[in-house]
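Notes for the one structure printed next.
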Amino acid sequence: MATLHIDGNPYEADPRQNMLQVSLTHGFDLPYFCWHPALGSVGACRQCAVRQYRNEDDQQGQIVMACMVPAAEGTRISIQDEEAREFRKSIVEWLMINHPHDCPVCDEGGECHLQDMTVMTGHAYRRFRFRKRTFTNQDLGPFINHEMNRCIQCYRCVRYYKDYAGGRDLDAFASHNHVYFGRSEDGVLENEFSGNLVEVCPTGVFTDKTLKGHYTRKWDLQSAPSVCAHCGLGCNTLPGARYGGVRRILNRYHHDINGYFLCDRGRYAYESVNRPERIRHPLLHEDAHDTDTHSKPEFCSVDHALKRARDRLHSARRVIGIGSPRASLESNYALRALVGEDHFHNGLPAAESHLVNVALDILRHGPAKAASLREIEEADAVLILGEDLTQTAPRMALAVRQSIMRAPEETARALGVPAWNDRAVRDVIQTDRGPLYIAAADETRLDDAATSVVYRAPEDLARFGFAIARAVHGDAPPVDDLPEEDAAVAQRAAEALANAKRPVIISGTSLGNESLLRAAANIAWALLRREKPAALAWVVPEANTFGAGLMGGRPLREAYQAVSSGAADTAIILENDLFRRTHDVDVERFLQSLKSVIAIDSLRNRTTDRAHVVLPAGTFAESDGTFVNNETRAQRFFQVLAPEEDVLESWRWLGHLESGTAPSEEPRWKELDDVLAAMARDLPELAGARDAAPAADFLKNGSKFPRSPRRFSGRTAMLAHRDVSEPKPPVDSDSPLTFSMEGSVTIPPAELVSHYWSPGWNSVQALNKFQEEVGGANRGGAPGVRLIEPEKATHSFFTDIPAAFTRSDQKYLVLGLHHIFGSEELSRHAPALAERIPEPYVAIGEADATARGVNEGDEIVLRILGRQHKLRARIRTRLPQGVLGVPAGFPGLTGLVFPADGHW
Amino acid sequence: MISMLKTLWLVFKHAFHKRVTIQYPEEKAYLAPRYRGRIILSRDPDGGERCVACYLCAVACPVDCIALDSAEDEHGRRYPGMFRINFSRCIYCGFCEEACPTYAIQLVPDVEMAEYNRQNMVYEKEHLLIDGQGKYHGYNYYKVAGLAIGGKGKGEAENEDPPIDPKSLM
């Protein structure tokens, strides 16, 4: 730690930081624009001017930019210096010369960094009386609204979009005061992380287009800490709700996971919560299985639905429960408690369930730890084995893109260039990039950043992985007959990983091949034997895939068997569309043979259409619960809004089902903590989930924490059209949060942060006050509890190396190719996101296409497991021969378990 | 004795003074143009709704009796899809009018708002929006804002240069 002086007072600071960061950490209000904790300093906007003194005796000093001054021992600056203040004020005045008179109609208004900085510097009156410069806007697609007139030319957008996110289609054009940020022509911003521009832009140039359709100011958004429900990474989010609907998602800073950024799926999938296809009342459908009558389900009251459901449960021979990897731990557990351990199924097809167990066992019994996204970002060598990260775990791809800067940054450090000095670091390292090896089935969106990419069929990718492990450590099993070309790349990858200080191996379940997971484990373990702190990062498809795996249920196949053997005749299906999991014929046969089907879900789907009783489940926004992410971190999400209709959390419904026959009887689960306590008793491995967030009785200064911002408006008029006497706000017995603007005004523990605001800081940059140090850890520790930590015990390498892929003339190996927009079930319902979903297609390698005389766009009839699929051909240069790809989770292609055998 | 007579004289004299009491409701009281009474939403000189649904009135309201929800027409012009004032809560402080950047919301000299049923004190947008400009004439917010709306492109607002060509270096 260095001691330095700000306005004459001594402060302790980390000498690796700059003076702007240090000043903000110590609570000084120093305005800035171009600096961003994740993007570093460029000293371009001249806003953070301070006076720096050479030593104690120096009375003169000089004006410098705080963001470009290292926090070295003995540094002396003055923020309050009169000339520095005048300087900062004049900078804002210049920036405001052309800024339009837009605040009332600007979506950034009320959470605008430019507004905050203008107020902070004291600039209040526009002296410039000439004409304002104007720009035309571009249509940037369904996510981002463009309003160039408001730009203050801080360059944050292109620095984020090009340098950080690796985008290519946003740039700065023209010169002098005409500098324009946009695309070369109108069109969709292609990068999968474009939504972050909304938060990166300090003013209203880039704003959330989906918010524009139902615009609400920040001060009116009721919000609660949440966890993204649309992939397995568990990024932290802050959904904001008003008038009974979710209106937008903002990033919630988690130091170890998503940091400052989200992917576009995570940011824009929220609209699925507001859709008309939501189930908001219980449905009864007595003839659900009689396909001839075409009867329609009917709405009914909660009591009636519960009575009918209980009647069906009581008259059942045996009830089985089908859980879900997209339902919370609590809901899955409540179902398990209701039907009993032996009759609980995890809702996954057998193959996927097996893969999840393999991945979990490697973490449970192996010495390698699961890498967090921050550890991936800080890794200096990365190997991706069989995942197209941008499509399967998007935020992880962004982390990998940062990792390639780590090795070359060493060069800059050796020259004494601090890491925050972004422009200088980039000048030093030029085009130098750290090792990133990708082994994939087809081209990925990270290929441009990779050192080498190997495109092979899944078995060959696994063999390639095993070969790397062998090259790292001689105890690992050898791979026979590996093509020379692959062996050479494997050798180079092994050297890069073994020479790295913090290597990370990434693999996952998307190709449906367990050997890939074993190969990845072998590599990590081989590196650990060489004393390298290697970490493993798994990619799993859904928000609670690992949670469902840890719950230990049986796979779907056994549920089907239990029913076909006549052992069970009633099923409770929890937040699971079986038609997306297994083959139509199997699901159909299963449902037909059941006497009663009770489904609990939030959105209508083919399974709920076939249920006798449907109970309306809350989405992530209307429920409290816990998800376990890809690093086995249990994280709690809280109700953002109290649902007004009959919607309840799934675990509550299950508690009501269990309570007995009389409607007045107390449900088994009165509050969330009851479920968590019972789960901790029953499943010790999941006991940590209880500590993922403070319990409902947690208070600070005798108060709970408010969900509404302090200046929440319209309280006495919002519901006045129904009754002029406003109702009592809903009471929340499940969490330490209230549905109110009243409560503790202190900064809550990181798990309970509902909004970023601090006096004078209305924009998202108020986040600075919620961190231990600016850009550092969450105040009070990063949210969540990791359920599995590595064992020190010895381990032996996996030796079951698969045989090489052999192509046959009769059939093709069909892989499920994932898409960030379209492969995930819930996000497909969000209208803005739906615009980005491609048409279903079949990907064909160039060699196969030539051999069969197929051209791009030709229609092909592909037969998979007896089902015919008419699809347009897409010719892919990299897809290996004998392998086809179809988009996973797309309509018409659901229920297929990949890889599958295809004929054409 | 003298003081008694003086008092009698004074009272007697008042009998001939002009009456202060007015015969309300037959006779109306004079309310100054800037009297803070009933709240209305006004229109700009072109007849368009002045309110741009910026939520500033709602946030300025100390009793939180204004609730609105923004909407946007096909030309990009924002307006309140819903605008509700609960006059049973309103304290007629005028903060909403002060906060309004477009002169849309105005307090007018009308105090005749009493109701037998409190529910009738809840005014929706149809009860609030008038057909004129109210107290402030001539102001048209979109003429000074940088936002393009139907009928007004970029660079066509007051005090604006025509849009620059980003492909030019000059």
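Reminder, nothing fancy here: chain letters follow the sequence lines and each chain counts from 1. These numbers were taken from a predicted model, which means no experiment stands behind them.
The candidate with the highest count of non-hydrogen atom pairs below 4.5 Å against chain A, out of B:Asn86, B:Asn159, B:Asp165, is B:Asn159. Of all the listed residues (A:Arg133, A:His178, A:Met148, A:Arg242), the one sharing the greatest number of non-hydrogen pairs under 4.5 Å with chain B is A:His178. The candidate from A:Pro100, A:Gly182, A:Pro104 with the greatest count of non-hydrogen atom pairs under 4.5 Å with chain B is A:Pro104. Here A:His721 is the residue among A:His721, A:His214, A:Arg715 with the most heavy-atom pairs under 4.5 Å with chain B.
Heavy-atom contacts from other residues, nucleotides or ligands closer than 6.0 Å to CZ of A:Arg168 number 12 or fewer.
Of the possible polar contacts, one joining the A:Asp102 side chain to the B:Gly146 backbone as a donor-acceptor pair under 3.5 Å is found. At least one donor-acceptor pair closer than 3.5 Å links the side chain of A:His146 to the backbone N or O of A:Phe181. Looking at A:Ser758, its side chain never comes within 3.5 Å of a backbone N or O of A:Ala766 through a donor-acceptor pair. Not one N or O on the side chain of A:Arg707 forms a donor-acceptor pair closer than 3.5 Å with the backbone of A:Ser223. Judged by distance alone, with hydrogens and angles left aside, the side-chain atoms of B:Gln119 form a donor-acceptor pair with the main-chain N or O of A:Val724 at under 3.5 Å. Judged by distance alone, with hydrogens and angles left aside, the side-chain atoms of B:Arg50 form no donor-acceptor pair with the main-chain N or O of B:Asn140 at under 3.5 Å. Here the side chain of A:Glu93 pairs no donor or acceptor atom with the backbone of A:Arg126 at under 3.5 angstrom. Checking side-chain atoms of A:Asp208 against main-chain N and O of A:Leu211 turns up a donor-acceptor pair under 3.5 Å. Judged purely by atom type and a 3.5 angstrom limit, B:Glu160 uses its side chain to pair as donor or acceptor with the backbone of B:Gly155. Distance alone, capped at 3.5 Å, places no donor-acceptor pair between the A:Gln115 side chain and the A:Gly109 backbone.
Under 3.5 Å, the side chains of A:Asn149 and A:Asn98 contain no donor-acceptor pair of N or O atoms. One side chain, A:Glu147 or A:Asn137, offers a donor N or O that lies under 3.5 Å from an acceptor on the other.
Taking the six-membered ring for Trp and the full ring otherwise, the centers of A:Phe130 and A:Phe128 sit less than 6.0 Å from each other. Checked against a 6.0 Å centroid threshold, the rings of B:Tyr141 and A:His101 count as neighbours.
Taking non-hydrogen atoms and a 4.5 Å limit, the residue list of residues 10-37 of chain B in contact with chain A is empty. Within residues 91-107 of chain B, the residues that have a heavy atom under 4.5 Å from a heavy atom of chain A are B:Pro101, listed by number. Near-neighbour residues of residues 51-81 of chain B relative to chain A, defined by a heavy atom under 4.5 Å from a heavy atom of that chain, comprise B:Val52, B:Cys54, B:Tyr55, B:Leu56, B:Ala58, B:Val59, B:Ala60, B:Cys61, B:Pro62, B:Val63, B:Asp64, B:Cys65, B:Ile66, B:Ala67, B:Leu68, B:Asp69, B:Ser70, B:Glu72, B:Arg78. Listed in order of number, the residues of residues 121-138 of chain B that approach chain A to under 4.5 Å between heavy atoms are B:Val122, B:Glu124.
Taking both residues in full, the closest heavy atoms of A:Cys157 and A:Phe206 are given as CB-CE1, 3.6 Å, listed atom of the first, atom of the second, then distance. Scanning both residues, A:Arg150 and A:Val105, for their nearest heavy atoms gives NH2-O, 3.9 Å. Scanning both residues, A:Gly204 and A:Cys106, for their nearest heavy atoms gives CA-SG, 3.9 Å.
Only the backbone of A:Arg129 comes within contact range of chain B, judged by heavy atoms closer than 4.5 Å. When heavy atoms are compared at a cutoff of 4.5 Å, B:Ser168 approaches chain A solely by way of its backbone atoms N, CA, C and O. Contacts of A:Phe135 with chain B are made by both backbone and side-chain atoms, with heavy-atom separations under 4.5 Å. Of the atoms belonging to B:Arg84, heavy atoms from both backbone and side chain fall under 4.5 Å from chain A.
In this structure the side chain of A:Thr203 reaches within 4.5 angstrom of the side chain of A:His99, judged on heavy atoms.
Considering A:Thr210, A:Asn274, A:Thr216, A:Asp220 as possible partners of A:Arg247, the one that fulfils the side chain to side chain donor-acceptor pair (under 3.5 Å) test is A:Thr216.
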